Amino acid sequence: MTHVLVTGGAGFIGSHVTAALVATGHPVSVVDCGHPAAHRTALPPSVAGAPVDVVDLRDRDAVRRSLRGVDAVVHQAAMVGMGVDLADLPDYVSNNDLGTAVLLAEMAHAGVGRMVLASSMVVYGEGAYECGDHGPQRPQPRAVADLVAGRFEPSCPLCGAGLTSVLVAEEAPLDPRSVYAATKLAQEHLAAAWARQTGGSVVALRYHNVYGPGMPRDTPYSGVAAMFRSALEAGRSPRVFEDGGQRRDFVHVGDVARANVLALSAETEGFSAYNVASGRPATVLDMAAALTGAMGGPQPVVTGEFRLGDVRHVVASPRRAEVELGFRAEIELATGMADFARAALR
């Protein structure tokens with residue numbers, strides 16, 4: 001079996017990936033820096049029986065030691081989410097991009113030629129849209145004046161008419177619209193350059209909105225599902241931004257972990273990217289309502305608030321992952337939210 005190093009393997013998604021790899025018989029080692037955005041307490045000594053070493057990926061010597069005897073890397077380590085404000089920008093770039101650069105350089109030195117990279121749907125920016133008169137269109141970033149006025153839907157850049165959201169495929173233009181998104185796209189570019197120069201292979205998994213047991217809670221880096229659950233546990237209504245009509249693809253972390261196992265064994269060459277999504281989009285208000293129904297408590301409140309870095313609709317085509325990796329998400333939103341309502345969080 002392949003000896004796998006999982007970076008960020010003690011985090012939310014990383015711990016599920018680690019457990020899935022161990023369950024399929026792979027020898028697994030875990031490194032994690034214990035970043036406070038993801039961890040409020042000390043790192044555990046092991047995850048699913050795999051030993052955890054405290055390693056900052058920006059430390060070349062520590063990374064070099066961690067790669068001894070390793071056949072492949074599953075790279076989950078990253079700062080995620082929208083963060084607090086632009087004061088976070090150096091931390092995002094340093095942890096996500098410099099850390100990835102050091103890891104790739106040391107993989108080249110060690111002769112490790114296989115990486116599965118945790119990427120994100122945020123690299124697309126806005127999703128895919130069509131105008132009734134002008135066909136496929138890429139909308140401009142939404143203007144503050146429009147958002148303040150409650151005009152949340154993007155418009156056709158040619159005629160100003162409303163656009164229809166359609167499924168975004170992996171070959172869509174990449175247009176990051178937040179600091180986090182820019183760092184995730186930089187990770188993909190660095191990994192692609194590494195693959196070209198070394199002859200190695202990289203499978204980039206563009207996660208859509210991942211939720212499930214072990215999500216970090218009550219931090220600016222938490223996912224929206226965790227924020228809604230914290231509100232419900234406190235007896236408050238989930239506060240849904242904009243008009244609640246933003247469409248996303250919510251995918252359970254158990255499905256994401258399985259996608260990583262499949263990606264590790266896929267016979268791919270060079271750099272390739274895949275959406276990891278359910279193919280069953282829902283609005284943010286739909287998700288909030290499903291969680292409220294599973295937990296009981298006050299109904300969601302639509303606030304009209306907005307965050308400038310957010311995009312309106314990102315819904316994915318899961319076809320390439322199904323055809324080439326054999327991955328198909330299995331957990332329906334209602335089932336997943338019922339599980340999430342009872343699950344332990346960080």
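Just so it is clear, the model here is predicted, and its values are computed rather than measured.
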Would you please classify the geometry between the Phe340 ring and the Tyr211 ring as parallel, tilted or perpendicular, with 30° and 60° separating the classes? perpendicular
Classify the side-chain pair Thr24/Arg258 by whether it contains a donor and acceptor separated by less than 3.5 Å. no
What is the distance from atom CG of Leu163 to atom CD of Gln137, rounded to the nearest 0.5 Å? 7.0 Å
Only one of Arg206, His75, Glu188, Lys184 passes side-chain hydrogen bond (donor to acceptor under 3.5 Å, both in side chains) with Ser119, and that residue is Glu188
Ignoring hydrogens and geometry, is there a side-chain-to-backbone donor-acceptor pair from Tyr92 to Val80 under 3.5 Å? yes
Do side-chain atoms of Arg320 reach the backbone of Ala273 as a donor and acceptor pair under 3.5 angstrom? yes
Would you call Tyr180 and Asn96 a side-chain contact if the rule is heavy atoms closer than 4.5 Å? yes
Carboxylate-amine/guanidinium contact Asp286 Arg248, below 4.0 Å: no
Donor-acceptor pair, Asp249 side chain versus Gly279 backbone, under 3.5 Å? yes
Quick one: are Leu205 and Leu325 in side-chain contact, heavy atoms under 4.5 Å? yes
With a 3.5 Å distance limit and no angle check, can you tell me whether Arg142 reaches the backbone of Asp310 through a side-chain donor-acceptor pair? yes
Identify the two heavy atoms, one from Val253 and one from Pro213, that lie closest to each other, and give their separation to 0.1 Å. CG1-CD, 4.0 Å
Side-chain heavy-atom pair Val210, Ile13 within 4.5 angstrom cut-off: yes
Give, for atom OG of Ser94 and atom CG of Asp88, the distance between the pair rounded to the nearest 0.5 Å. 12.5 Å
For Ser165 and His313, which heavy atoms make the closest approach, and how far apart are they? OG-CB, 3.5 Å
Indicate yes or no: at least one non-hydrogen side-chain atom of Glu233 is less than 4.5 angstrom from one of Met295. yes
When rounded to the nearest 0.5 Å, the distance separating CE of Met107 from CG of Leu5 is 9.0 Å
Are Val224 and Met287 close enough, and set up right, to give a side chain to side chain contact (heavy atoms under 4.5 Å, CB included), and what steps lead you there? CA-CA 10 Å; Val224 66; Met287 185 273 285; 3.5 Å; yes
What heavy-atom pair brings Pro298 and Leu232 nearest, and what distance separates the two atoms? O-CD2, 3.6 Å
same_hphob_cluster(Val63, Met115) at 4.5 Å side-chain heavy-atom cutoff: yes
Report yes if some heavy atom in the side chain of Val93 is under 4.5 Å from a heavy atom in the side chain of Leu98; otherwise report no. no
Can you confirm whether Arg312 is buried at CZ, in the sense that more than 12 heavy atoms of other residues, nucleotides or ligands lie under 6.0 Å from that atom? yes
I'd like to know if Val315 and Met121 are part of one continuous hydrophobic network [Ile/Leu/Val/Met/Phe/Trp/Tyr, side-chain heavy atoms within less than 4.5 Å]. no
One should read off an interatomic distance between Ser15 OG and Leu43 CG, to the nearest 0.5 angstrom, of 11.0 Å
Under the 3.5 angstrom rule, does the side chain of Gln246 hit a backbone N or O of Phe241 as a donor-acceptor pair? yes
pair Asp255-Phe327: side-chain heavy atoms closer than 4.5 Å: yes
Tell me whether Thr335 contacts the main-chain N or O of Ile331 through its side chain, where contact means a donor paired with an acceptor under 3.5 Å. no
Do NZ/NE/NH1/NH2 and the carboxylate oxygens of Arg64 and Asp61 come within less than 4.0 Å? no
May I ask you to decide whether Arg138 forms a salt bridge with Glu126, counting only side-chain N to carboxylate O separations under 4.0 Å? no
Given 3.5 Å as the limit, does a donor-acceptor pair link the side chain of Ser278 with the main chain of Arg280, or not? yes
Cluster overlap Leu185 with Tyr124, hydrophobic side-chain contacts below 4.5 Å: yes
Answer whether the closest heavy-atom distance between the side chains of Asn275 and His208 falls below 4.5 Å. yes
What verdict does the side-chain hydrogen bond (donor to acceptor under 3.5 Å, both in side chains) test give for His252 and Glu330, after you've listed the backbone C-alpha separation in whole Å, the side-chain angles of each residue and the deciding distance to 0.1 Å? CA-CA 9 Å; His252 193 276; Glu330 297 174 349; over 6 Å; no
Where do Cys156 and His134 come nearest, in terms of heavy atoms and distance? SG-ND1, 3.8 Å
Can you give me the closest heavy-atom contact between Met1 and Pro27, atom names plus distance? CB-CD, 3.8 Å
Are Tyr207 and Leu117 linked, directly or through other ILVMFWY residues, by side chains that come within less than 4.5 angstrom of each other? no
Stepwise, does the side chain to side chain contact (heavy atoms under 4.5 Å, CB included) test hold for Thr183 with Met79? CA-CA 9 Å; Thr183 65; Met79 285 184 67; over 6 Å; no
When you measure from the side chain of Asp71 to the backbone N and O of His3, does any donor-acceptor pair fall under 3.5 Å? yes
Do Val256 and Val22 sit in the same hydrophobic cluster, where Ile, Leu, Val, Met, Phe, Trp and Tyr count as joined when their side-chain heavy atoms come under 4.5 Å apart? yes
Val302 vs Leu285 side-chain heavy atoms within contact, under 4.5 Å: yes
Atom pair CZ (Arg58) and SG (Cys33), whose distance is rounded to the nearest 0.5 Å: 7.0 Å
Please report the shortest heavy-atom distance between Val203 and Ala263, naming the atom on each side. CG1-CB, 3.7 Å
Go through it in stages, so that I can follow the logic: the residues are Val102 and Leu57, the test is side chain to side chain contact (heavy atoms under 4.5 Å, CB included), and I'd like the CA-CA distance, side-chain angles, deciding distance and then a yes or no. CA-CA 7 Å; Val102 171; Leu57 293 183; 5.7 Å; no
